[in-house]
2 protein chains.
Amino acid sequence: MEKDFSTLYLENQLCFPLYAASRLTTKLYTPFLEDLGITYPQYLVLLVLWEKNSQTVTEIGTRLALESNTLTPLLKRLEQKELLTRSRSSKDERAVLVTLTASGQALKEQAVCIPQKIMESFANTSMSKEELQAFQKTLTKLVELLGEE
Amino acid sequence: MEKDFSTLYLENQLCFPLYAASRLTTKLYTPFLEDLGITYPQYLVLLVLWEKNSQTVTEIGTRLALESNTLTPLLKRLEQKELLTRSRSSKDERAVLVTLTASGQALKEQAVCIPQKIMESFANTSMSKEELQAFQKTLTKLVELLGEE
DNA sequence: TACATTTGTATCGTACACGATTTAATCGTA
DNA sequence: TACGATTAAATCGTGTACGATACAAATGTA
């Protein structure tokens, strides 16, 4: 009697489809982001700052579930592109305040069309707008659950 | 009249929840994989090889949507751990055949409990087994769509 | 059969992720 | 008010991802 290994089948695990979907979706965004001269994780940081300017590294990290070891070099690259500035908070010298520059804020105008274009990529597929939205809802719930740690 | 920027809200985009869910799920697997002495992408490669031993780099890459620039160094690390061997195919000298060693095959026995343990992490959450399975189904469909490119 | 094209890996450079550690500032409390 | 504990960033090392490129083997075709 052979052991049952079916649970090890690639698609039967939660992890692989998530991993692949994430990477492939990132690739979908890439051409649009190249027009803006930024990478995908950099885009996420900008999304957070476009929502609310001037946040600390920790605040951005909490929102994206990333820590300073990932964010610090990434933020420095965005600083080099002159999309934001980094400065110690006067209230708490430990905290670094990240603030969009004028061009960082202006980039939002160019980015606003991206979500639309991504949705359009699904227009001629079997994925309906409704299905995508329901899917996204479950995803967000999953992220909340996993994020509680 | 202010422009509508709501589509730029982090959670309203498909990309972010996918990205976060993928990373957080990987973290869920990590402690179990550390017991086996492997990383998460290495685990995925092993899953592919446990299904069918002796595959070329391209075959593994097709399955995981990864290319040789990612796989080659990763496979070399698994070779160093003596979990697999890499050798040129005699039929086609361009192709590299990746074959599990005895210990590479033996590791499957230790890995078989992992999916179960992951599912258990969701036991006391609001995510039911059914919801997870439906979710996984949509995910797989999404991966197929995106993978067609 | 020459030779341009394609295919299969590998290499290189850049940019994340993330565990572990370090350093400095702040906080809590005796 | 000392001082240990906590917190916020940064640094370091390892391991992916991935675009661009290189190169050799195989293939297609005039």
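Lettering follows sequence order; numbering is per chain, from 1.
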**Study point:** Centroid-centroid distance, B:Tyr43 to B:Phe32, less than 6.0 Å
**Key:** no
Review point. Mind checking whether A:Leu46 and A:Leu36 have side chains closer than 4.5 Å, heavy atoms only?
Key: no
Check your understanding: Quick one: are A:Lys137 and A:Gln133 in side-chain contact, heavy atoms under 4.5 Å?
Key -> no
Check your understanding: Rounded to the nearest 0.5 Å, how far does CG of A:Leu44 lie from OG1 of A:Thr26?
Key -> 8.0 Å
Exercise for review: Enter the distance from A:Ser68:OG to A:Leu74:CG here, rounded to the nearest 0.5 Å.
Suggested key: 12.0 Å
Check your understanding: Does any donor atom in the side chain of A:Ser103 or A:Thr101 lie under 3.5 Å from an acceptor atom in the other side chain?
Key -> yes
Please check if the side chain of [X] supplies one atom and the backbone of [Y] the other of a donor-acceptor pair under 3.5 Å.
X	Y	value
B:Tyr40	A:Cys15	yes
B:Arg23	A:Ala65	yes
A:Thr62	A:Thr58	yes
A:Arg77	A:Ile38	no

Check your understanding: Of the residues in residues 78-96 of chain A, which ones touch DNA chain D at a heavy-atom distance under 4.0 Å?
Key -> A:Arg86, A:Arg88, A:Arg94, A:Ala95, A:Val96
Review point. Do any of residues 22-53 of chain B sit with a heavy atom less than 4.0 Å from DNA chain D, and if so which?
Key: B:Thr39, B:Pro41, B:Gln42
Review point. Could B:Glu79 and B:Arg86 be called an ion pair, given the rule that one side-chain N must be under 4.0 Å from one carboxylate O?
Key: yes
Whole-Å gap separating [atom2] ([N]) and [atom1] ([X]):
X	N	atom1	atom2	result
A:Tyr19	D:dC18	OH	C1'	11 Å
A:Glu67	D:dA10	CD	P	13 Å
A:Glu59	D:dA8	CD	P	10 Å

Exercise for review: For A:Leu75 and for B:Ala65, locate the closest nucleotide of DNA chain D by heavy-atom distance; then report the residue assigned to the nucleotide nearer the 5' terminus.
Suggested key: A:Leu75
Check your understanding: Within the structure, does a side-chain N or O atom of A:Thr72 lie under 4.0 Å from either OP1 or OP2 of D:dA10?
Key -> yes
Check your understanding: How would you give the extent of chain A contacts on DNA chain C, as first and last nucleotide 5' to 3' within a 4.0 Å heavy-atom cut-off?
Key -> C:dA15 to C:dT26
